[in-house]
Amino acid sequence: MSTVEFKGFGWRHAGRKAWAVRHFDLRIEHGERVLLAGASGAGKSTLLAALAGLLAEDSGEQEGAVLVDGVPARAARADTGIVFQDPQTQLVMSRCGDDVAFGLENRGMPRAEIWPRVDAALAAVGFPYGRDRDTAALSGGEQQRLAIAGVIALRPRLLLLDEPTANLDPDGAQLVRAALGKALHDVDATMVLVEHRLTDALTLVDRVVTLGPEQPPLVVPDRLARTGPGGTLLTADRLALRDTGNVVDEVVRAGEVLAVEGPNGAGKSTLALLLGGLTRPAKPGTVTAPGERRPPHRWRAAKLAARIGSVFQNPEHQFVTATVRDELLLGGSSPEVVDELLGRLRLDRLALANPYTLSGGEQRRLSVATALAAAPELLILDEPTFGQDPQTWRELVDLLADLRDEGRGLVIVTHDRQLVDALGDRRLRLERR
């Protein structure tokens with residue numbers, strides 16, 4: 001087991017005036033399980049990265065010390081396992097079994113011991129496929145389960161979890177929480193968990209440490225449409241969603257929020273890419289827009305961005321510039337519109353920051369802002385409330401509802417049942433077949 005200690009710790013990303021976290025003191029005893037709570041951008045993920053020894057000296061400025069069992073965290077990395085917000089950053093092999101075995105092989109474990117431990121870890125997180133499944137064929141939630149299995153298999157003395165169930169459906173999230181609880185019982189690891197949904201995580205922890213002021217409880221507003229939908233924006237006909245067995249026929253309308261629900265692996269993100277014109281439908285499936293001879297996937301990039309805005313499940317996949325402000329200007333918006341978006345999404349103080357140094361919740365809000373910058377008539381959003389504290393969650397809901405009320409169409413892919421209750425004018429549920 002591991003003892004963790006922060007002594008006057010502070011970290012400032014290179015090129016940033018503000019500190020991500022500063023003057024932080026905390027001691028976590030052997031075997032203790034601690035939940036780090038706080039507003040989006042409060043520094044929770046930075047603290048986990050520091051504990052994992054992943055804050056490179058040339059990427060920022062550090063104050064104080066971070067110790068694991070009395071030594072600097074960088075020197076204790078061999079006994080530390082971390083699960084990031086974005087599982088794709090942890091998957092390194094093409095086969096699922098090989099990916100879980102990768103860390104064990106690197107530690108020189110005898111081959112006869114590796115595969116039983118791999119199978120046990122996959123079973124513990126409820127992974128629905130065998131070892132030979134292609135990692136590229138997994139949904140975001142399935143990738144997260146695989147990443148967690150890879151860390152559990154290592155049986156680390158210090159386990160760090162950055163919103164490990166954020167991309168999972170409710171049943172899958174409960175299964176993973178149960179698996180984590182069992183794994184912690186079996187290995188007696190010290191655990192530090194970052195999570196916004198406190199109620200779900202309390203069964204896993206001994207105490208909660210809050211960064212910054214206490215957050216208000218989440219109150220779900222009623223922002224359903226008060227009027228009927230407008231004209232048709234897209235028509236989907238016989239859309240086959242990869243190998244899920246699902247075939248979708250759907251009409252997307254102006255002035256309406258279509259909420260797409262369902263378990264991991266049902267094809268929700270695939271549907272978002274098809275409707276967004278980012279993937280070509282498999283024949284005989286089609287996506288058509290009124291008055292257009294060509295389907296969206298054959299439109300020029302500028303036309304597609306002006307008509308359909310997409311927010312991907314992993315926000316950093318759409319960042320291409322060095323500053324938050326430049327990301328929004330790239331879409332051709334005026335400086336006045338950019339300033340309005342920055343303010344409304346609480347990103348104004350980060351206008352000159354590198355997008356890759358933002359917290360997960362801040363990156364999500366930036367990805368929404370980039371989609372809005374071109375003022376499209378249709379927005380396709382994949383998990384738009386990921387990583388948000390109660391206040392920013394409510395602000396995002398109000399923003400999306402206002403856009404709908406202005407006459408835009410929205411398709412929201414989500415596991416967030418409260419978001420669906422607040423905004424889901426119409427619901428489409430996909431199942432794994």
Side-chain angles (χ1 to χ4, degrees), residues 10-23 38-47 49 55-56 58-63 85-86 162-163 194 196 211-213 215 301-302 305-306 309-376 379 381-400 402-403 406 408:
W11 179 263
R12 177 165 60 184
H13 294 286
R16 298 269 287 271
K17 291 183 179 180
W19 292 76
V21 62
R22 200 174 194 189
H23 306 311
S40 174
K44 304 181 296 296
S45 294
T46 299
L47 294 178
L55 295 179
D58 60 354
S59 65
E61 177 184 354
Q62 179 174 324
E63 289 181 342
Q85 290 176 338
D86 178 4
D162 197 349
E163 298 200 62
V194 168
H196 281 293
L211 279 66
Q215 290 293 298
S310 290
V311 175
F312 303 142
Q313 189 174 72
N314 298 312
E316 64 273 18
H317 291 180
Q318 41 195 127
F319 301 149
V320 295
T321 71
T323 73
V324 167
R325 185 177 180 81
D326 286 345
E327 283 293 328
L328 301 186
L329 289 171
L330 187 67
S333 295
S334 69
E336 293 76 19
V337 170
V338 167
D339 289 340
E340 180 183 355
L341 285 171
L342 288 173
R344 184 151 192 192
L345 289 166
R346 291 179 175 264
L347 296 171
D348 43 348
R349 65 181 179 85
L350 300 168
L352 300 181
N354 187 309
Y356 291 97
T357 66
L358 305 185
S359 73
E362 290 165 344
Q363 287 185 338
R364 168 54 73 215
R365 298 201 300 279
L366 177 57
S367 67
V368 172
T370 58
L372 294 178
L379 282 167
L381 304 109
D382 198 343
E383 299 291 358
T385 53
F386 167 82
Q388 304 307 310
D389 59 67
Q391 183 172 349
T392 56
W393 184 93
R394 175 59 191 263
E395 290 167 351
L396 265 178
V397 167
D398 286 339
L399 172 61
L400 297 176
D402 290 346
L403 293 170
E406 292 169 4
R408 302 190 204 188

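When reading the values below, keep in mind they use all heavy atoms of this one structure, side chains included, and skip hydrogens, waters and symmetry mates. Index from 1, following the sequence.
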* To do: For residues Ala39 and His196, report the shortest heavy-atom separation together with the two atoms involved.
  => C-CE1, 4.3 Å
* Please answer whether the main-chain N or O of Ser310 pairs with a side-chain N or O of Gln318 as donor and acceptor at a distance below 3.5 Å. => yes
* salt bridge (Lys or Arg N to Asp or Glu O under 4.0 Å) partners for Asp326, two or more places apart -> none
* Which residues share a salt bridge (Lys or Arg N to Asp or Glu O under 4.0 Å) with Glu362, sequence neighbours left out -> Arg349
* To do: Can you measure from CG (Leu400) to CG (Asp398) and round to the nearest 0.5 angstrom?
  => 9.0 Å
* Dump the intermediate steps for side chain to side chain contact (heavy atoms under 4.5 Å, CB included) on Glu63 and Trp19, then the final yes or no. => CA-CA 10 Å; Glu63 289 181 342; Trp19 292 76; 3.5 Å; yes
* Residue pair Trp11 / Ala56: nearest heavy atoms and the distance that separates them -> CH2-O, 3.2 Å
* Asked: Within the side chain of Glu163, is there an N or O that forms a donor-acceptor pair under 3.5 Å with the backbone of Val194?
  -> no
* Asked: Looking at CG of Leu352 and NZ of Lys17, how far apart are the two atoms once the value is rounded to the nearest 0.5 Å?
  -> 7.5 Å
* Asked: At their closest point, which heavy atom of Val338 faces which heavy atom of Ser333, and how far apart are they?
  -> CG2-CB, 4.0 Å
* Just wondering, more than 12 heavy atoms not from Glu340 lying within 6.0 Å of its CD? -> no
* To do: Hey, could you give me the CG/CG distance between Leu341 and Asp339, rounded to the nearest 0.5 Å?
  => 9.0 Å
* Say whether Glu327 and Thr321, considering side chains only, have a donor N or O and an acceptor N or O under 3.5 Å apart. => yes
* Polar side-chain atom of Lys44 near backbone of Leu211 as donor-acceptor pair, under 3.5 Å -> no
* Asked: Salt-bridged, Asp389 to Arg346, with N to O below 4.0 Å?
  -> no
* Looking only at heavy atoms, which two atoms of Tyr356 and Phe319 are closest? And how far apart? -> OH-O, 3.0 Å
* Asked: Do Arg344 and Asp402 pass the side chain to side chain contact (heavy atoms under 4.5 Å, CB included) test, and can you show the C-alpha distance, the side-chain angles, and the key distance before you say yes or no?
  -> CA-CA 12 Å; Arg344 184 151 192 192; Asp402 290 346; 2.5 Å; yes
* Give the C-alpha distance, both sets of side-chain angles, the deciding distance and a yes or no for side chain to side chain contact (heavy atoms under 4.5 Å, CB included) between Leu396 and Leu345. => CA-CA 8 Å; Leu396 265 178; Leu345 289 166; 3.8 Å; yes
* Pairwise distance CD(Gln313) to CD(Glu383) - rounded to 0.5 angstrom -> 6.0 Å
* Closest approach of Pro376 and Ala305, non-hydrogen atoms and distance? -> CB-O, 3.9 Å
* Quick check: does any side chain N or O of Glu395 sit under 3.5 Å from a backbone N or O of Trp393, one acting as donor and the other as acceptor? -> no
* Asked: Could you give the distance from CG (Leu328) to CG (Leu366), rounded to the nearest 0.5 Å?
  -> 6.0 Å
* To do: May I ask you to check whether Ser40 and Arg365 show a side-chain donor-acceptor distance below 3.5 Å?
  => yes
* Structure fact -> Interatomic distance, CZ@Arg364 vs CZ@Phe312, rounded to 0.5 Å, equals 10.5 Å
* Just checking, is any N or O donor in the side chain of Thr357 or Arg16 under 3.5 Å from an acceptor N or O on the other one? -> yes
* Asked: What are the two closest heavy atoms between Ala351 and Thr323, and how far apart are they?
  -> O-CB, 3.7 Å
